[in-house]
Asks: 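Once you've had a glance at the structure underneath, I'll fire off some questions.
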Amino acid sequence: MIQLSKNYSLPERQEEPIPIKVVGVGSAGSNALDRVLLDGMDKADLIAINTDVQSLASSVAARKVQLGRSSTHGLGTGGDPELGYQAAIESADEIRQAIAGARMIFICAGLGGGTGSGAAPIVAQLAREAGSLVIAFATLPFSFEGKRRAAQAQDALSRLNEIANAVICFENDRMGDMVAPKAGIHQAFGIADMTISQSVRSIVNLIQRPGLIRIGFDDLFAALRSQNGRCLFGFGESDTDNRAHDALTQALKNPLMDKGRMLSEAAHVLVQVAGGPGMTLSEVEILMRELGRHVRDHTQIVFGTAVDGKMGNRLSVTIISSLASEDSIATQDTSPPPEPFLAPPPAILEQVEEQPPAPPKIDIVPEIESAALPEPAPDDLIAVEPPVAAEAPPPPVPAPSIKKPAPRLIPPKKKPVMEKEAKPPKEKIVQVKQEVLQFEPVTRGRFEKSEPTIVEGQDLDIPTFLRKNIRVK
Amino acid sequence: MANSDLIVGLEIGTSKICVVVGETRPDGTLRILGVGQAPSRGVRKGEIVDFETAMKCVHEAVVDAEQKSDVMIRSVYVAVAGGHIQSFNNRGCVLLPEERDEIDDQDVEDVKINAREVSIPAQNAFLHSIIQHYQVDGQDGVLNPVGMLGGKLEADFHIIHGVRTRIQNTIRCVKELPLEVEDVVFSALASAQVVLTQHQKNLGALVVDIGGGTTDYILYVDGAVKQSGAIAIGGDHITNDISMGLRIPMARAEKLKTEEGSCVLGNCLPGETILLKDDSGFAGKEIERETLNTIIHLRLRETFELLKRTVEEEPFINYVGAGIFITGGCSLVNGIDHLAGEIFEMPAHVTHAQTLSGLTSAVENPQFSTAIGLLKYAQAVQVDRPRRGITRIFGRFFSGMR
């Protein structure tokens, strides 16, 4: 086993930490901020910004900024984003002062209310003007909070999207799924705070932690960059025997991950694996292989790993990605369907360049088949046609004669996409393989020599999944 | 020993051989003294295929039980299973002689013999004739006709029969040890004795005993057995499916089935895997949980669907009020009750032997339902016996006490 020991890696650099500030805007923001602080955060300064003095006073953040001393007089905004906006403009100087000197600023805000929706975009703007990178963590209100709040939240979100370098958006409705139905409502809100805190801390760690394979800002933004999209985030940590597996499982369980289902649609996925000096290469390998099952082949995986003495026995996985907004996914999804048309086997095994003209090819197939075999069965090739697979060599003979019609058919084709050409042959091979498997003399395993149990004409000793032709891996 | 009666139940199962020793107390209660078991070899689908090996295993189990319960085992009740066992309902009828109109014991015996006068395949033998109801001169629902007045006695019997030679194989295997065989009992009938209460039998219940090699069922309606039978599919098939589907050794598949398997689909994360640690002669392997569950689910679903079709050939399933009771080793698969409930569209429960004192930890395992049921069956039969014939019961007593 190869071990990534300390002497193998570069000598640990004791480098300047990147100045990072975490800003909580509004009450929801400062709640999240408190949570971040309570969970432990020593690598960043925390700043609470609010219009409501009472809420501000109860915050545990080291630095506090009161907005709109003269416009709201220390009261809240009463859910009016316009008021929040005014207050932020009024206190712009104080905000500037507070956030000065940071290379990176995280803004936590609950959208939908007054201060969060109104002031957060201003804070983001000021931070950008000061030359910092801005990542916003925004929560969207529960749907039961009303359409008005939802609209305000969407408004603010789109403004944040324009200004901030990246926006990670948490939908409270999804947090609700994480909480047992009987749990109190405070727990539902608590989960949202916890998730934000977790993501802030893991991103800070991601950036601050000296990495063997370093993840930089550029990687982070590549993973988060999407128009008005939804951010996927997962974090897991484990110290069990099977920690690689457990940590990943935990990361995928995160509510923003949707059990890993969403990952299959992501274009970029950023993964950081961090562990103590005892982390082994094979662990990382297992983990990445497992993760690989959740993403598509063409998804770009940005991988980073870090060894941190403080991690001790633990191994943590951070997964960050983003999805394009619904409509762009829809357009992507329309492209794959042609694949089924490419199914007829001989043509594809023959020449790859012929397959893009999908619809016309239906004409070709019967020709080949009538030449090679007496029985054409265009569609249900899986069931009927193992001979075709077995007799793969014969088709080449008629092939040259078919090549002639092929050019004639090419003109009508519209857009052959390179990627699609590459993919289908692979699937093809898999299908052919299965046919062969099915027509092998089926074994009955341990019941080989016992009296068969035949009911309704079926030998029940043969595994059900084989008889029902259900594919298992 | 003097005032208690020793009963021993022996089940020669496909995966294990199980011997339960119990005693009936003078007050009529049944107490379990010990449970012996041994892994079974030479048995496939509930039937003996390797006589010598099976005998050794039975011996092992009997010795184990003797040690644990500190008694000498002389005679046993044996459970039989296997796909060859079939059943049907038949009505017997006797007409009382002109000069007599009181029904006596002999008439009841006669009607039973009469009910058996049906053609079963030549190689088959009767296992049980279970009384459902008597009818006296067309009066329905008579439970005990002895002493009643009437001219015509009819009786509905549920008759269970199986291939004679196969049943004899089991008996011979025990006799060679040598042990006396008191009786052979269809395994589902035995299980039902302890799994169901009288109330549940009256309500109507379907007992499904899924063992290693066979799935036996028995259906009660109105307190009487209406249907029974066996399908030669069991837990072994699941193990075999897993082994073939995942390409892992049998022993691994068995372990995976019992420790990780579930027949509920869509309950795990996509890509969630189980890591099989490597071992001598076996390279480690990662297995997708959903795949494992799919294999188990498909097999069990098919088995239940087959069972449902079989049971639905007669109308009795519609009168089942208490639901389905699943027992046997395979009932330990997670979620099996949900699956059965979904397929049969009635409540399903996983149960074990309910009403006994003594070694309750043993009782609570559904794997032992049949063997414990044998004791209960034996107890019930012994109480009945004095009425049937005094010489027989004495003969039994002697052989039991010697």
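Just so you know, these numbers come straight off a predicted model, no measurement behind them.
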Asks: Say you draw a straight line from CD of B:Glu288 to CD of A:Glu290; how long is it, rounded to the nearest 0.5 Å?
Replies: 9.0 Å
Asks: In terms of heavy-atom proximity below 4.5 Å to chain A, should B:Leu306 be classed as side chain, backbone, both, or neither?
Replies: side chain
Asks: Under 6.0 Å from the NZ atom of B:Lys255, do we count more than 12 heavy atoms belonging to anything else shown?
Replies: no
Asks: How many angstroms lie between OG1 in A:Thr464 and CD1 in B:Ile233, if you round to the nearest 0.5 Å?
Replies: 7.5 Å
Asks: Can you confirm whether A:Arg467 sits close enough to B:Leu298 that some side-chain heavy atom of one is under 4.5 Å from a side-chain heavy atom of the other?
Replies: no
Asks: Below 4.5 Å from any heavy atom of chain A, which atoms of B:Arg309 appear? Answer side chain, backbone, both or neither.
Replies: side chain
Asks: Under a 4.5 Å heavy-atom cut-off, does chain A meet the side chain of B:Glu286, its backbone, both or neither?
Replies: side chain
Asks: Ignoring hydrogens and angles, tell me if any N or O in the side chain of A:His245 forms a donor-acceptor pair with the backbone of B:Thr273 under 3.5 Å.
Replies: yes
Asks: So what's closer than 4.5 Å to chain A heavy atoms on B:Arg299: side chain, backbone, both or neither?
Replies: both
Asks: Measuring from B:Glu302:CD to A:Leu460:CG, what's the distance to the nearest 0.5 Å?
Replies: 5.5 Å
Asks: Between B:Lys45 and A:Asp461, is there a side-chain heavy-atom distance shorter than 4.5 Å?
Replies: yes
Asks: Is any side-chain heavy atom of B:Thr294 closer than 4.5 Å to one of A:Phe465?
Replies: no
Asks: Non-hydrogen atoms of chain A under 4.5 Å away: do they reach the side chain of B:Ser243, the backbone, both or neither?
Replies: neither
Asks: Could you measure the distance from the CD1 atom of A:Ile286 to the CG atom of B:Leu275? Nearest 0.5 Å is fine.
Replies: 6.0 Å
Asks: Let's test your reading of the structure: which of B:Glu290, B:Glu272, B:Met250 forms the most heavy-atom pairs below 4.5 Å with chain A?
Replies: B:Met250
